[in-house]
Amino acid sequence: MKSSLKSRQRGLSFIGLVLTAAIVVFLFVVGARVVPTVIEYQAILKAVEKAKTGTTVAEVRTTFDKAANIDNISSIKAGDLDISKEGDKVVVAFAYNKEIELFGNAYLLIKYQGRSK
């Protein structure tokens, strides 16, 4: 009878619980450090869309700088933008890397890139 009871028992051992909790905490910490960079990336995309309304390179850079000051964008400057024309449309592109320190010498590298629509 004892063997039939053991075969029906299911659950998480204490060690399994500790390891699961450690993984959940690690993922939460990484997420908490990544989310602000994603929010900044979204702000950069919004600023690039505003900046593409300019007709000259100087106008595009000035418009981007103004939007960057409002949205507190620090990862990329107006000088880092790649501004070109495709037909009669101004296209603004950008790319940058963001390093996030996890612990000790371990870093997470995120490569962001985008362009105006």
Side-chain angles (χ1 to χ4, degrees):
M1 179 139 181
K2 282 187 177 182
S3 63
S4 64
L5 285 177
K6 276 195 166 199
S7 65
R8 288 188 281 163
Q9 288 183 351
R10 294 191 177 160
L12 200 58
S13 68
F14 180 72
I15 294 173
L17 178 68
V18 169
L19 289 175
T20 303
I23 291 170
V24 168
V25 168
F26 176 77
L27 292 175
F28 179 77
V29 169
V30 170
R33 293 186 180 191
V34 169
V35 167
T37 67
V38 173
I39 292 170
E40 185 179 40
Y41 173 72
Q42 295 297 323
I44 292 171
L45 284 175
K46 189 173 83 172
V48 163
E49 286 300 318
K50 285 180 189 175
K52 79 173 186 176
T53 60
T55 56
T56 66
V57 172
E59 281 182 24
V60 170
R61 291 189 196 281
T62 302
T63 306
F64 181 83
D65 271 338
K66 288 178 183 178
N69 284 334
I70 291 169
D71 290 336
N72 199 21
I73 296 170
S74 61
S75 294
I76 191 169
K77 303 293 179 209
D80 298 330
L81 299 176
D82 182 24
I83 303 164
S84 61
K85 272 198 157 189
E86 290 181 4
D88 60 341
K89 288 175 40 175
V90 174
V91 177
V92 182
F94 64 93
Y96 66 97
N97 296 334
K98 192 74 172 178
E99 276 188 2
I100 301 168
E101 182 179 357
L102 297 176
F103 51 88
N105 291 331
Y107 289 86
L108 176 64
L109 175 66
I110 304 174
K111 295 183 175 192
Y112 288 110
Q113 64 182 1
R115 70 185 277 176
S116 61
K117 297 177 185 172

**Asked** Where do Phe94 and Ile44 land on the side chain to side chain contact (heavy atoms under 4.5 Å, CB included) test, with the steps shown first?
**Response** CA-CA 9 Å; Phe94 64 93; Ile44 292 171; 3.6 Å; yes

**Prompt:** Would Ile76 and Val91 show up in the same hydrophobic cluster when neighbours are defined by side-chain heavy atoms closer than 4.5 Å?
**Reply:** no

**Item:** Contacts of Glu59 that satisfy side-chain contact (heavy atoms from CB on, under 4.5 Å) - sequence neighbours left out
**Value:** Thr55, Thr56

**Sequence neighbours excluded - side chain to side chain donor-acceptor pair (under 3.5 Å) pairs with any residue from residues 99-117** = Thr37-Tyr112, Glu86-Arg115

**OH-CD1 distance between Tyr41 and Ile73, expressed to the nearest 0.5 angstrom** = 12.0 Å

**Item:** Verdict with reasoning, Arg61 to Lys77, per side chain to side chain contact (heavy atoms under 4.5 Å, CB included)
**Value:** CA-CA 9 Å; Arg61 291 189 196 281; Lys77 303 293 179 209; over 6 Å; no

**Apart from Val35 itself, residues in the same hydrophobic cluster as defined by side-chain heavy atoms under 4.5 Å** = Ile39

**Asked** How about Asn72: does its CG atom have over 12 heavy atoms from other parts shown lying under 6.0 Å from it?
**Response** no

**Request:** Check the surroundings of atom CG in Leu27: do more than 12 heavy atoms from other residues, nucleotides or ligands lie under 6.0 Å from it?
**Result:** yes

**Prompt:** Are Val18 and Val29 connected in the hydrophobic side-chain network, where two residues link if heavy atoms are under 4.5 Å apart?
**Reply:** no

**Asked** So which heavy atom on Ala32 is nearest to which on Pro36, and how close?
**Response** O-CD, 3.2 Å

**Message:** Let me check something: do Phe64 and Ile70 share a hydrophobic cluster, defined by ILVMFWY side-chain heavy atoms less than 4.5 Å apart, either directly or through other members?
**Reply:** no

**Request:** Apply side chain to side chain contact (heavy atoms under 4.5 Å, CB included) to the pair Val92 and Asp82, showing each step before the final yes or no.
**Result:** CA-CA 6 Å; Val92 182; Asp82 182 24; over 6 Å; no

**Fill in**
For Tyr96 and Ser75, the nearest pair of non-hydrogen atoms, with its separation, is CE1-CB, 3.7 Å

**Val60 and Lys52, any side-chain heavy atoms less than 4.5 Å apart** = no

**Asked** Within the distance-only criterion (no hydrogens, no angle test), does the side chain of Asp71 pair as donor or acceptor with the backbone N or O of Ala68 below 3.5 angstrom?
**Response** no

**Message:** Restricting to side-chain contact (heavy atoms from CB on, under 4.5 Å), what partner residues turn up for Phe28, sequence neighbours left out?
**Reply:** none

**Message:** If you compare all heavy atoms of Asp65 against all heavy atoms of Ala78, which two are closest, and at what distance to 0.1 Å?
**Reply:** OD1-CB, 3.4 Å

**Message:** I'd like to know if Leu19 and Val30 are part of one continuous hydrophobic network [Ile/Leu/Val/Met/Phe/Trp/Tyr, side-chain heavy atoms within less than 4.5 Å].
**Reply:** no

**Prompt:** Are any of the side-chain heavy atoms of Ile110 and Asn97 separated by less than 4.5 Å?
**Reply:** no

**Prompt:** side chain to side chain contact (heavy atoms under 4.5 Å, CB included) between Leu109 and Lys98: does it pass, once the steps are laid out?
**Reply:** CA-CA 6 Å; Leu109 175 66; Lys98 192 74 172 178; over 6 Å; no

**Request:** Check side-chain contact (heavy atoms from CB on, under 4.5 Å) between Thr63 and all other residues, then give those that pass, not counting sequence neighbours.
**Result:** Lys50, Ala51

**Request:** Could you identify which residues cluster with Leu12, counting Ile, Leu, Val, Met, Phe, Trp and Tyr as linked when any side-chain heavy atoms lie under 4.5 Å apart, either directly or through a chain of such contacts?
**Result:** Leu17

